[in-house]
Amino acid sequence: MKKNSVSQSGFFNPRLLLACTLCAVGVGLSIVSFAAPTSTGWAPITSPGTNNPGANGVTCASASDCWAVGQDWSGGSNFQTFIEHWNGTSWSRVFSPNTSAAQPNALAGVACASASDCWAVGAYTYIYNSFPFATPYSQTLIEHWNGTAWTIVASPNTSATENNSLSAVACTS
């Protein structure tokens, strides 16, 4: 007569114990490898921005040509566009135009097809003077880098009395 072997069930099942042990070893090795410092890892770098800049988008055409865009509280009552450039060693603030100092302006995305062809997109807010209350509306904002300076480029909107904004952009050569 054949005897039935007693099968372990639940947590004491040998296969389950082996699987849990292997997972624990894998997690432990992962933690140790993330904790080890590397010479090619991420590190904080000082930015020249002032008054709480907020970078919303970043792109790199090469290891020594990167752009970061966003908005900055530049001392007035409205935030204005914020652009910085990475030259491979440090970040530097680059002038970026705004529709008006009396209007909030912000950039959300940036992309470059080359070192002299970059595009940044976002929105600005204007006040539509409608009766009985003035109403703020966002309108699209597009800026272009030609290798020398950023300039505002005319951009379409669905309506002056509807919110419009751009949050990302992509470029090809």
Side-chain angles (χ1 to χ4, degrees), residues 27-128 135-160 162-173:
V27 168
L29 289 174
S30 299
I31 291 170
V32 169
S33 69
F34 283 129
T38 63
S39 60
T40 60
W42 289 92
I45 295 175
T46 304
S47 167
T50 59
N51 300 321
N52 285 328
N56 298 324
V58 67
T59 190
C60 293
S62 70
S64 60
D65 185 20
C66 298
W67 293 95
V69 301
Q71 71 280 338
D72 181 15
W73 292 95
S74 50
S77 60
N78 295 305
F79 52 86
Q80 299 291 287
T81 59
F82 168 81
I83 298 180
E84 287 190 351
H85 182 255
W86 173 257
N87 64 10
T89 305
S90 63
W91 288 98
S92 61
R93 189 79 180 252
V94 177
F95 172 78
S96 60
N98 292 279
T99 57
S100 167
Q103 298 170 319
N105 289 252
L107 296 170
V110 61
C112 295
S114 69
S116 61
D117 186 19
C118 297
W119 296 86
V121 298
Y124 69 93
T125 303
Y126 83 100
I127 304 300
Y128 181 76
T135 307
Y137 289 104
S138 295
Q139 298 290 280
T140 59
L141 176 61
I142 299 177
E143 297 192 8
H144 180 251
W145 172 257
N146 63 9
T148 305
W150 286 95
T151 56
I152 294 177
V153 177
S155 58
N157 291 285
T158 57
S159 168
E162 291 180 3
N163 287 316
N164 296 265
S165 66
L166 299 168
S167 58
V169 61
C171 295
T172 59
S173 58

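Here, residue 1 is the first one in the sequence, and each next residue gets the next number. Bear in mind the structure is a predicted one, so any value in this text is a computation, not a measurement.
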Side-chain contact, heavy-atom cut-off 4.5 Å: Trp145 with Val94? yes
Separation between OH of Tyr126 and OG1 of Thr99, rounded to the nearest 0.5 Å: 11.5 Å
Nearest 0.5 Å, please: how far is CG in Asn87 from CG in Asp65? 9.5 Å
Please report the closest heavy-atom contact between Gln80 and Gln103, naming both atoms and the distance. NE2-O, 2.8 Å
Here's a test for you: under side chain to side chain contact (heavy atoms under 4.5 Å, CB included), which of Leu107, Val110, Val121 qualifies with Glu143? Leu107
With side chain to side chain contact (heavy atoms under 4.5 Å, CB included) as the test, pick out the partner of Tyr137 among Asn163, Ile127, Asn157. Asn163
Residue pair Val58, Glu84: steps toward the side-chain contact (heavy atoms from CB on, under 4.5 Å) verdict: CA-CA 9 Å; Val58 67; Glu84 287 190 351; over 6 Å; no
Distance-minimising heavy-atom pair for Ser96 and Trp150: CA-CB, 4.5 Å
I want to check something: taking the side chain as every heavy atom from C-beta on, are Ile142 and Leu166 in contact at a cut-off of under 4.5 Å? yes
Kindly give the heavy-atom pair with the smallest separation between Val69 and Ala108, and that separation in Å. CG2-C, 4.3 Å
What one should report as the nearest heavy-atom pair of Ala113 and Cys171 is N-CB, 3.7 Å
A side-chain contact here means heavy atoms from C-beta on lying under 4.5 Å apart; do Thr125 and Gln139 qualify? no
If the test is side chain to side chain contact (heavy atoms under 4.5 Å, CB included), which one of Asn56, Asn78, Thr81, Asn98 qualifies with Gln71? Asn56
Can you name the closest pair of heavy atoms from Ala170 and Ala111 and give their distance? CA-CB, 3.9 Å
Parallel, tilted or perpendicular: which fits the ring planes of Trp67 and His85, with parallel below 30° and perpendicular above 60°? tilted
Is it the case that the side chain of Asn105 and the backbone of Phe79 share a donor-acceptor pair, with hydrogens and angles ignored and the cut-off at 3.5 Å? no
Looking at Cys118 and Cys112, are the sulfur gammas closer than 2.5 Å to each other? yes
Judged by modelled atom types alone, do Asn164 and Thr140 share a side-chain donor-acceptor pair under 3.5 Å? no
